[in-house]
Enquirer: 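Encoded as structure tokens, here's the structure I'll be asking about.
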Amino acid sequence: MKRVRVDHAEGRSRPLAPDGNDAAREPQPRGAVVRGRRPVDHAEAAERFLAAPDHLSFHDKRLWDVREKRDRESRGIPEWEQLRQLASDIKDYALTHLDSLLEEFEYRATANGVVVHWARDAAEHNRIVTDILRAHGATELVKSKSMLTEECGLRDHLQQAGVSVIETDLGERIQQLDDEDPSHVVVPAVHKLRSDVAAVFARTIGTDPACDDPAYLAESQRMSNRPLILDARVGMTGANFLVADSGAVVVCTNEGNADLCASVPGVHIVSAGIEKIVPRTRDLGVFIRLLSRSALGSPITQYTSHFRGPRAGGSMHVILVDNGRSERLGAEEFWTSLKCIRCGACMNTCPVYRRSGGLSYGATYAGPIGLIIDPSFNRRKYSLLPYASTLNGSCTAVCPVKINIHEQILSWRRVMAEHHEPSMTKQMSMKGASALLSRPAAYRAAVDAANAVLPHMPRFALYNPANAWGRGREVPQAPGQSFHAWFKARRGTS
């Protein structure tokens, strides 16, 4: 019987060098420099990522490969667009009935033996987790991947409180050991080459620095983490969905580490944003079919686990976190961003994200979805991020819950302009462009003049610090005729 290896999971790693050894080729670019509330300079960090051709090429090809797998899977379901619309409609209902659905979830979960907590913000969330750990005398916490805990800065908070946090997701563990944030909501270390991972593991868990075989590295991390999970008193997971009519928490993973964190320790803590609520158990059928296909191009996650109550003799806590979500729910143009199911499809298709790396955004959420979520947390700090987009609309086209992402990015640009957040140089450029583009005759005259002058300009006049375009690419050859002139001539002869 012929064996066919599936290619719809996270994908097998391919060496960049012909001999299979890409070690010592180039250092991994680090992320954006974050300076308090000062605007994060995405362009500067992206420029450093672009200067690392091996990392850039791998990152771009790897994520586009996932995008192509997503397309293949979606074409295999005739009702794909109907599923997207249904998912969007369910989220509409859930968000417009959020108060009653959350109360229903609390009632059902409490009846199942779950302790439900409410957290207004990140600080309250972190305090609740700390109190639970102290109540059980725990000085270690094993946890699976959760973007919400990253958003709340939980790991740093617990470390300051004397609690060791062990990430059990492979990608998250790589990033933790390398003292970096995740760069992607689904594949946290996708920006790293296998040689980068080998160097991190050799430095932190004692693996062979000369061996960058993925199976060896993954197994080494597993053997390093497994005793920590078995000895832990408290485990923590995130939540992909909260089901109102059953009080269940649903977690979708591919490694099984979330099930271990939830089931092995005596105490299971769930950290969940309030927007994760869905009304009925039957609604899950829609989202489960969309989630993994959109995220990785696979038919379903390896594990779709339903946690309805504590294990025998143990306890289960669910923390429902607001942290600005209620305020965003009241924002007319941006409330639908709460529909996001964290699949990362918009990131995989985005040409800017694929070529700049997730760490260049300097925020918990990168890529297109980050451009519309991050400013809601801190408008000034993330004031430059809405400009890290071409507004091509591909993110909206692949979103499984039909969020109008590119339109919201444009709306954030308007908000930034109204609050004078862009730099003075950018504001002046925008005003100049507006004056030119709003006058067709002036625009056409400028295009004709540029086409006539560009071929004769000396190189130093085009490629200098004042021309941002020329710093990263060649100025295109001027056409012999503008589209307007071509169209006018064609129309005149028809």
Side-chain angles (χ1 to χ4, degrees), residues 109-110 112-117 119 122 125-177 182 188 205 218 221-243 247-273 276 301-321 342:
T110 301
N112 295 338
V114 177
V115 180
V116 178
H117 307 262
H125 166 268
N126 295 344
R127 179 185 59 76
I128 292 170
V129 175
T130 305
D131 289 346
I132 295 171
L133 290 164
R134 286 174 176 165
H136 291 86
T139 57
E140 289 186 339
L141 174 68
V142 292
K143 64 181 291 291
S144 65
K145 185 161 69 67
S146 164
M147 295 307 296
L148 179 57
T149 60
E150 298 284 349
E151 174 189 318
C152 292
L154 176 66
R155 199 162 65 217
D156 289 341
H157 172 84
L158 290 180
Q159 287 173 344
Q160 293 174 12
V163 177
S164 298
V165 180
I166 299 96
E167 297 286 353
T168 61
D169 174 88
L170 175 58
E172 283 280 354
R173 186 60 169 166
I174 293 169
Q175 290 304 94
Q176 180 186 21
L177 294 175
I205 63 176
Q221 185 269 350
R222 176 180 176 272
M223 297 306 293
S224 173
N225 265 12
R226 187 56 57 88
L228 301 175
I229 297 173
L230 295 176
D231 292 340
R233 295 184 181 182
V234 182
M236 187 175 202
T237 69
N240 290 92
F241 307 101
L242 303 171
V243 187
V249 174
V250 179
V251 182
C252 304
T253 63
N254 284 310
E255 298 177 23
N257 58 300
D259 293 69
L260 292 173
C261 290
S263 304
V264 174
V267 182
H268 176 199
I269 304 174
V270 177
S271 179
K276 295 297 182 73
T301 51
Q302 304 300 314
Y303 301 88
T304 301
S305 306
H306 297 239
F307 301 104
R308 296 189 59 174
R311 74 175 205 183
S315 62
M316 180 176 174
H317 300 259
V318 174
I319 309 173
L320 301 175
V321 185
R342 304 293 192 267

Enquirer: Consider side chain to side chain contact (heavy atoms under 4.5 Å, CB included). Of Asn257, Ile166, Thr168, which one does Arg173 pass it with?
Expert: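 Exactly one pass, corresponding to Ile166.
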
Enquirer: Could you check whether any side-chain N or O of Arg342 sits under 3.5 Å from a backbone N or O of Met147, counting only pairs where one atom can act as donor and the other as acceptor?
Expert: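 Pair absent, no side-chain N/O of Arg342 close to backbone of Met147.
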
Enquirer: Hey, what do you get for NE2 (His157) to CG (Leu154), rounding to the nearest 0.5 Å?
Expert: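 Rounded to the nearest 0.5 Å, the NE2-CG separation comes out at 7.0 Å.
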
Enquirer: Shortest non-hydrogen contact from Leu148 to Ala272?
Expert: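 Minimum heavy-atom separation between Leu148 and Ala272: CD2-C, 3.4 Å.
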
Enquirer: Under a 4.5 Å cut-off applied to non-hydrogen side-chain atoms, are Ser144 and Thr253 in contact?
Expert: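 No; the side chains remain at least 4.5 Å from each other.
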
Enquirer: Could you pull out the closest heavy-atom pair between Thr237 and Ala258, with the gap in Å?
Expert: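 It is CG2-O, 3.6 Å.
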
Enquirer: Would you say Asn240 and Thr301 make side-chain contact, with heavy atoms under 4.5 Å?
Expert: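 In short, these two side chains do not touch, never coming nearer than 4.5 Å.
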
Enquirer: Please tell me if the side chains of Leu158 and Thr130 come closer than 4.5 Å, counting only heavy atoms from C-beta onward.
Expert: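 The answer is yes; the side chains approach within 4.5 Å.
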
Enquirer: Can you name the nearest heavy-atom pair linking Val249 to Ala239, along with the distance?
Expert: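 Taking every non-hydrogen atom into account, CG1-CB, 3.7 Å.
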
Enquirer: How long is the span from the CD1 atom in Ile319 to the SG atom in Cys152, to the nearest 0.5 Å?
Expert: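 Taking CD1 in Ile319 and SG in Cys152, the distance rounds to 9.0 Å.
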
Enquirer: How far does NE2 of His317 sit from CG of Asp131, to the nearest 0.5 angstrom?
Expert: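 Interatomic distance, His317 NE2 to Asp131 CG, rounded to 0.5 Å: 10.5 Å.
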
Enquirer: Rounded to the nearest 0.5 Å, how far apart are CD of Glu167 and SG of Cys261?
Expert: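 Here the interatomic distance stands at 9.0 Å.
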
Enquirer: Is the backbone of Asp169 close enough, under 3.5 Å, to the side chain of Lys145 for a donor and an acceptor to pair up by distance?
Expert: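 No, Lys145 side chain to Asp169 backbone: no donor-acceptor pair under 3.5 Å.
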
Enquirer: Contact between Val163 and Thr139 at the side-chain level, heavy atoms closer than 4.5 Å - yes or no?
Expert: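 Answer no - side chains too far apart.
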
Enquirer: Leu260 versus Arg226: any side-chain heavy-atom pair under 4.5 Å?
Expert: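 When only atoms from C-beta onward are counted, Arg226 and Leu260 do touch, with a gap below 4.5 Å.
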
Enquirer: For residues Leu133 and Glu140, report the shortest heavy-atom separation together with the two atoms involved.
Expert: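 Closest approach of Leu133 to Glu140: CD2-O, 4.3 Å.
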
Enquirer: Give, for atom NE2 of His125 and atom CD of Glu151, the distance between the pair rounded to the nearest 0.5 Å.
Expert: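 Nearest 0.5 Å value for the NE2-CD distance: 9.5 Å.
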
Enquirer: For residues Val267 and Arg233, determine if any side-chain heavy atom of one lies less than 4.5 Å from a side-chain heavy atom of the other.
Expert: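 Answer no - side chains too far apart.
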
Enquirer: State whether the side chain of Arg155 and the backbone N or O of Val165 hold a donor-acceptor pair below 3.5 Å, judged by distance alone.
Expert: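 Checked: no pair found.
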
Enquirer: Backbone N or O of Val264 within a donor-acceptor pair of the Arg311 side chain at under 3.5 Å?
Expert: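 Yes; judged by distance alone, with no hydrogens or angles, the pair exists.
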
Enquirer: Roughly how far, to the nearest 0.5 Å, is OG of Ser271 from NZ of Lys143?
Expert: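 These two atoms lie 8.0 Å from each other.
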
Enquirer: Give a yes or no answer on whether the side chain of Asn112 reaches the backbone of Gly309 with a donor-acceptor pair at less than 3.5 Å.
Expert: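 No: the side chain of Asn112 does not pair with the backbone of Gly309.
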
Enquirer: What pair of heavy atoms forms the shortest contact from Gly256 to Tyr303, and how long is it?
Expert: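 Shortest heavy-atom contact: N-CE1, 3.3 Å.
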
Enquirer: Would you say that Glu172 contacts Pro182 through its side chain, given a criterion of any heavy-atom pair below 4.5 Å between the two side chains?
Expert: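 Answer yes - side chains close enough.
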
Enquirer: Is any side-chain heavy atom of His117 closer than 4.5 Å to a side-chain heavy atom of Ile132?
Expert: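 When only atoms from C-beta onward are counted, Ile132 and His117 do touch, with a gap below 4.5 Å.
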
Enquirer: Which atom names give the shortest non-hydrogen contact between Gly238 and Val270, and what distance separates them?
Expert: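 Of all heavy-atom pairs spanning Gly238 and Val270, the closest is O-CG1, 3.8 Å.
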
